[in-house]
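Each remark here refers to the structure printed beneath this line.
Heavy-atom basis, side chains included; hydrogens, waters and symmetry copies ignored.
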Protein chains: 2
Amino acid sequence: MSESEQPTGSIRLLIADDEHLIRGALEALLGLEPDIEVVAGTDNGATAAQLALELRPDVCLLDLEMPRADGIEAAERIMAGVPGARVIIVTRHARPGVLRRALAAKVAGFVPKSTPAGDLADVIRDVAAGKRYIDPEIAAAALVAERCPLTDRELDVLRATRTSSSVQAIADALFLSTGTVRNYLSAAMTKLGASNRHDAAEHAWQQGWI
Amino acid sequence: MSESEQPTGSIRLLIADDEHLIRGALEALLGLEPDIEVVAGTDNGATAAQLALELRPDVCLLDLEMPRADGIEAAERIMAGVPGARVIIVTRHARPGVLRRALAAKVAGFVPKSTPAGDLADVIRDVAAGKRYIDPEIAAAALVAERCPLTDRELDVLRATRTSSSVQAIADALFLSTGTVRNYLSAAMTKLGASNRHDAAEHAWQQGWI
DNA sequence: GGCAACGTGTGACAAATGTCACGGGAGGTC
DNA sequence: GACCTCCCGTGACATTTGTCACACGTTGCC
């Protein structure tokens with residue numbers, strides 16, 4: 001593992017983003033930095049985790065929204081397989097609950113796509129140096145965010161609400177009776193102050209609870 | 001307008017994308033090309049149109065999803081104000097109907113964010129040279145896509161459905177009676193084969209009709 | 001002029017949805 | 001053991017939603 005063709009202290013980076021254009025652009029952006037070397041790129045979380053196990057990059061830059069395994073799932077797999085790995089999550093929708101999930105997964109960096117491009121290299125350097133970087137806006141939002149008042153089953157039905165159209169379909173998906181589903185939905189709607197299940201599911205999604 | 005500090009034939013480019021990270025990365029990517037010069041960047045459609053009128057870039061690279069004016073609206077304004085302007089729309093969700101809208105606005109290029117990063121510069125060069133470039137996948141999808149069977153008002157209520165929770169709210173937003181709204185929704189749902197208005201609105205959105 | 005399509009509305013009916021009250025059981029804590 | 005919360009269910013009820021039939025006026029086309 002002691003190649004000599006790279007400058008001393010060069011940061012070996014893995015990039016995962018399902019939008020090829022973005023990934024390529026990020027590679028171009030970070031390739032301009034003399035101390036950063038992009039060693040791998042992929043468009044899904046599962047491959048990202050696999051590549052990380054093989055290549056042992058110093059830092060992994062993972063998009064949150066990816067097929068096969070989202071950024072946090074990929075981060076968990078990488079953490080499990082590569083002790084001391086450093087992961088940065090990049091996301092478009094910076095929902096407070098997602099930050100919680102990311103921090104629970106021991107992610108070292110969390111930046112929204114609204115971050116100025118010039119800052120990204122610095123974040124990568126900080127993270128590579130062992131520091132953590134959490135976008136201050138998201139951190140503040142997460143701190144004032146309400147704790148999730150919903151039970152596990154209530155979260156389940158809200159999750160199912162996002163893909164199923166009728167109560168019957170939700171009940172079928174969860175192997176529950178329609179009455180039970182309606183009770184859970186009613187409870188969730190009351191807790192969230194929503195006037196229908198779609199609003200409730202949307203709210204829970206915005207908070208990153210589901 | 002005859003500055004001499006740039007190489008002959010250099011393509012003057014404007015980039016608009018509301019995600020700063022992406023815009024910066026694209027600037028880095030395209031900045032690597034010797035014949036492309038990024039002359040402006042912004043994060044919303046309204047400013048993009050304004051800047052285009054002032055700076056008269058050769059090509060405008062516009063993200064579709066932007067605040068204040070989406071990529072196509074911005075393209076229309078640019079076309080109206082700058083004769084011979086060339087616009088490329090970049091989008092994450094390549095819905096068939098959106099391509100229709102874009103072509104109706106005389107857009108010269110249409111690429112999804114899944115395009116390999118290396119191809120983008122070539123597309124820009126083609127467009128600058130007067131050619132058009134339409135992503136073949138999207139073009140094929142648009143050709144087999146069904147024509148929109150909905151009336152203007154049906155589209156209106158479906159649009160409102162995406163933001164309003166109840167029929168009453170939709171009716172209030174459109175200054176209609178609830179009965180009328182329900183009739184339109186029922187008609188739209190029948191035409192689209194949807195079992196509720198949210199499905200219908202989702203379908204219409206996927207097709208790019210609203 | 002006649003006809004079709006569209007926009008707008010009403011009224012009635014059925015189905016889906018949301019609310020409420022009430023059960024019972026499983027699993028924890030004091 | 002008593003108590004609590006969560007899970008799962010039932011039944012009744014009011015509200016919302018979706019369907020259907022029908023009506024009237026406008027616009028555009030043959």
Side-chain angles (χ1 to χ4, degrees), chain A residues 97 100-101 104 145-210, chain B residues 97 100-101 104 145-210:
Chain A
R100 273 180 218 285
R101 273 181 64 208
E146 46 204 316
R147 270 269 289 102
C148 176
L150 304 171
T151 69
D152 287 350
R153 288 310 252 172
E154 285 162 359
L155 291 172
D156 285 343
V157 292
L158 286 184
R159 242 184 301 273
T161 294
R162 288 173 55 81
T163 53
S164 304
S165 57
S166 69
V167 171
Q168 183 64 58
I170 300 170
D172 289 351
L174 299 177
F175 303 104
L176 293 175
S177 80
T178 58
T180 303
V181 170
R182 289 197 289 166
N183 281 342
Y184 286 147
L185 286 174
S186 186
M189 287 159 56
T190 303
K191 287 178 183 174
L192 302 184
S195 62
N196 60 54
R197 62 200 157 144
H198 293 290
D199 276 6
E202 178 62 21
H203 186 264
W205 161 257
Q206 287 294 344
Q207 292 291 332
W209 295 331
I210 57 178
Chain B
R100 270 180 219 286
R101 274 181 64 208
E146 48 205 311
R147 268 269 288 101
C148 175
L150 304 172
T151 69
D152 287 350
R153 290 309 254 170
E154 284 162 1
L155 291 172
D156 285 342
V157 293
L158 287 183
R159 241 185 302 273
T161 294
R162 288 174 55 81
T163 52
S164 304
S165 57
S166 69
V167 170
Q168 183 63 59
I170 299 170
D172 289 352
L174 299 178
F175 303 106
L176 292 174
S177 80
T178 58
T180 303
V181 170
R182 289 196 291 169
N183 282 344
Y184 287 149
L185 286 173
S186 185
M189 288 159 56
T190 302
K191 287 177 182 173
L192 302 183
S195 62
N196 60 55
R197 61 202 153 130
H198 294 290
D199 277 6
E202 177 63 20
H203 187 264
W205 161 258
Q206 287 294 342
Q207 291 292 332
W209 295 332
I210 58 179

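Here the P atom of nucleotide C:dG18 and the CG atom of A:Leu192 are 13 Å apart, to the nearest Å. Note: CG (A:Asp199) to P (C:dG18) measures 10 Å, nearest angstrom. Here D:dG18 presents its P atom at 11 Å from CG of A:Asn196, a figure rounded to the nearest Å. Rounding to whole angstrom units, CG of residue A:Leu158 and P of C:dG18 are separated by 11 Å. Per the geometry, CZ belonging to B:Arg197 stands 14 Å off C1' belonging to C:dA15, to the nearest Å. When rounded to the nearest whole Å, the span between CG of A:Leu150 and P of D:dC7 equals 11 Å. Remark: P of C:dC6 and CG of B:Asp156 are 14 Å apart, rounded to the nearest angstrom. Here D:dT17 presents its P atom at 9 Å from CD of B:Gln168, a figure rounded to the nearest Å.
Among the atoms of the strands shown, only primed sugar atoms or phosphate atoms (P, OP1, OP2) are found under 4.0 Å from some heavy atom of A:Ser165. Contact annotation for B:Ser166: backbone-only contact, meaning every heavy-atom pair under 4.0 Å involves sugar-phosphate atoms and none involves a base.
The closest donor-acceptor contact from the side chain of B:Gln206 to the backbone of B:His203 lies at 3.5 Å or more, if one exists at all. B:Gln207 places no side-chain N or O within donor-acceptor distance of the main-chain N or O of B:Ala204, the cut-off being under 3.5 Å.
When every heavy atom of A:Arg197 is checked against every heavy atom of A:Met189, the shortest pair comes out as N-SD, 3.7 Å. Of all heavy-atom pairs spanning A:Arg162 and A:Ile210, the tightest one is CD-CD1, 3.5 Å. What you find for B:Ala200 and B:Ala194 is that their closest heavy atoms are N-CB, 3.5 Å.
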Next item on the list: Take nucleotides 7-14 of chain C nucleotide by nucleotide from the 5' end and write B, S or -, depending on whether a protein heavy atom sits under 4.0 Å from the base, only from the sugar-phosphate, or from neither.
Entry: SBBB-B--
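Here A:Arg100 contributes atom CZ and A:Trp209 contributes atom CH2; the two are 9.0 Å apart, rounded to the nearest 0.5 Å.
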